[in-house]
Amino acid sequence: MADLSNTAIADAFDELADLYELDGAVVHRVLAYRTAAKNVRNATVSVAELTKQGRVTSLPGIGKTLEEKIRAMVDTGTIPALGKLRDRIPPGLAAITRLPGVGPKRVRTMYDQLGIDSIEALREAAETGRLRDAKGFGPKFEESVLAALDAGAADRPAQRTVLPTALEVGEQVAEALRAHPAAVHVEIAGSARRLADSVKDLDIVAAATDPAALAAALADVDALESAGTAGENAARGRAHNGLGIDLRVVEPDQFGNLLQHFTGSARHNVALREAAVRRGVHISEYGILDDETGETTRCATEEEVYERLGMPWIPPELREDRGELAKGFEVPRLVTVEDLRGDLHCHTTLSDGRSTLEEMARAAQARGYEYLAITDHSATHGFGDHVTPDELRRQIERVRALDDEIDGMHLLVGTETNILPDGRPDYDDELLAELDWVVGSVHTSFNMTEKNMTARMVAATEHPWIDAIGHPTGRKIAKREPYKVDIDALIEAAARTGTMLEINGAPDRRDLDDVHARAAAEAGVNILIDSDAHGAERLEHVKWAVATARRAWLGPEQIANTRSWKAFAGLRKRAKAAA
DNA sequence: GCCGTTTTCGGCCCGACTGTTTTCAGTCG
């Protein structure tokens, strides 16, 4: 089993990149560390294990030097160069680079010439007018630093907006712009189009017969708190919830270039442009420049952009430079909402849901599902939403009775049992055995050590009646970090015990995330896509889990609940035990 | 620091904006 996580190695490389950058290393060396960190973080196998086997240089971006550094981490737990750099670079410098308009070069200059080594020292220097004494710095820079500090840019990380909120705002804006007479195409781009977990701001791109007129029209969109033009064919606005919006408009014959460019990701675009250079062309948001002829080709569609490079059109969800630009890449068949034949995690008014058992069942039937598992919270849940063993026994009767009434759909009686700190579920095995389906989730004692949390969750996978682990890392997007658990060990245990791992569709969970879901599926774990609906109308939240699954490159065959009821039923531990 | 349908050495993505420059470096997306 892996004793050193990919995350730990990636974190070390990212820190090395930051420190080398502040140390004035050539940018490409810094970039090499950042690339390596990303590739390690996204690797679907244990990088420590690869290193022990002497195969780690097969990972892109890992050469001899980085292999040595990983080996040092595996053997001694630390990298010597990291210690030396930490001694030489004051810890406060990295924080200063997070101010807008202040990067590593300027931080280095301020440190060397003025001895500024912290946010506090920077404020003092700016307020006393000393900052402009450094070479290449003037009063404007001093002003912008003070403005950034006063705006609190140093205190809080940039606010992120969860995907559904961003898309809702984006659709309103796009709809309004589409109604403009000059509009030809209006599309949401950026991380929202890639269906990422959250977005920093919203990119909208458009094609128009009169680009300047459409850009100016952003100011008239009701859904916005404020907006104004930003350059000739661009505009910038802010939604009422604070979400920033950038609009770019071009002529229709360049729309493909613009959409491709602003869909990103940044890493995908970098890799794409590198691949383009190898083919003798240069890509930008304006077109494709051919070295030979010196001519620029404009593309009206994204398909043309990729085709010009000899590549298939790549679904936006895959544009993260995780292998989609590799030679011989073929677009995988990605799972869709329509592939799902059942939902295995939802709540009713028995615990904290807002819809009744019958309402949930009818809504699932209306979605065309073959099966629905009712999984209310369990005996120790708290908030007055717990379900005692006796209540669960009565629920078994109610669900069975309703199942008899409903045609064409299997209604399963289940539970979302709390995984107690020692790894046991909070109902007796005897009662769990009477159910059709059991999800085990962690809802308490988040602050355990990684060792204990991992032992807790591995024990849950080993339980004979726990069929699946719900929201396996406990993260809340933009709100709460995942609890500390060795995800590789959990995946290994799930694969070994035949326990399914869930991609939870609650918009602020999407847990497992894309990287872990891909790793789990590649390890042979059956992945579940669930809504965790707390109301009938929220069964549609599976779409957010589907988005994550697609970002994980998953096809229908890797998702357990795309199977017919008969095939799915046989994947449950209780079916295997009975066989 | 990595890497090879230009290369084992010399490259390594593109363009806009800003402020400080008088030709460009740094930052950002």
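None of these values were measured; they are calculated from a predicted model. Each chain gets a letter, A, B and so on, in the order the sequences are listed, and its residues count up from 1.
Nucleic acid contact for Leu31(A): none, since no nucleic acid atom lies under 4.0 Å from a heavy atom of the residue. Residue contacts shown for Tyr33(A) are limited to sugar-phosphate atoms, with no base heavy atom under 4.0 Å away. At a threshold of 4.0 angstrom between heavy atoms, the contacts of Val270(A) include nucleobase atoms, whether or not backbone atoms are also involved. Looking at heavy-atom distances under 4.0 Å, Leu289(A) makes no contact with the nucleic acid at all. Heavy atoms of Ile283(A) sit under 4.0 angstrom from primed sugar atoms or phosphate atoms, though from no base atom.
Pair assignment for dT8(B) gives none, since no Watson-Crick or G-U wobble pairing has each distance under 3.5 Å.
Where Val26(A) and Lys327(A) meet DNA chain B, the nucleotide closest to each residue was compared, and Val26(A) sits on the side nearer the 5' end. Nearest-nucleotide positions on DNA chain B for Asn269(A) and Lys105(A) put Asn269(A) closer to the 5' end.
Judged by the 6.0 Å and 45° rule, Arg29(A) forms a cation-pi pair with Tyr20(A).
If you take atom C1' in dA16(B) and the same atom in dG11(B), they sit 25 Å apart, rounded to whole Å. Across dG1(B) and dT5(B), the matching C1' atoms stand 24 Å from one another, rounded to whole Å. Of the C1' atoms belonging to dT8(B) and dC3(B), the separation is 9 Å, rounded to the nearest Å. When the P atom is compared between dT23(B) and dC17(B), the two are found 23 Å apart, to the nearest whole Å. With C1' as the reference atom, dC13(B) and dG19(B) are 24 Å apart, rounded to whole Å. dT20(B) and dA25(B): their C1' atoms are spaced 9 Å apart (whole Å). Taking atom P in both dC14(B) and dC9(B), one finds a spacing of 25 Å when rounded to whole Å.
Scanning for side chain to side chain contact (heavy atoms under 4.5 Å, CB included) contacts around Val184(A) gives Ala207(A), Thr209(A), Pro252(A), with sequence neighbours left out. Applying the side chain to side chain contact (heavy atoms under 4.5 Å, CB included) test to Arg236(A) and every residue at least two apart in sequence or in another chain returns Ala230(A), Asp246(A). Residues passing the salt bridge (charged side-chain N to carboxylate O under 4.0 Å, His left out) test with Arg71(A), sequence neighbours excluded: Glu67(A). Here Glu320(A) pairs with Arg194(A), Ser265(A), Arg322(A), Arg551(A) under the side chain to side chain contact (heavy atoms under 4.5 Å, CB included) rule; sequence neighbours left out.
Heavy-atom contacts of chain A under 4.0 Å fall on DNA chain B between two terminal nucleotides, which in 5' to 3' order are dG1(B) to dG29(B).
Centroid-to-centroid, the aromatic rings of Trp313(A) and Phe329(A) stay 6.0 Å apart or farther.
Listed by first and then second residue, the ring-ring contact (aromatic ring centres under 6.0 Å, His included) pairs that reach into residues 42-96 of chain A come to none, sequence neighbours excluded.
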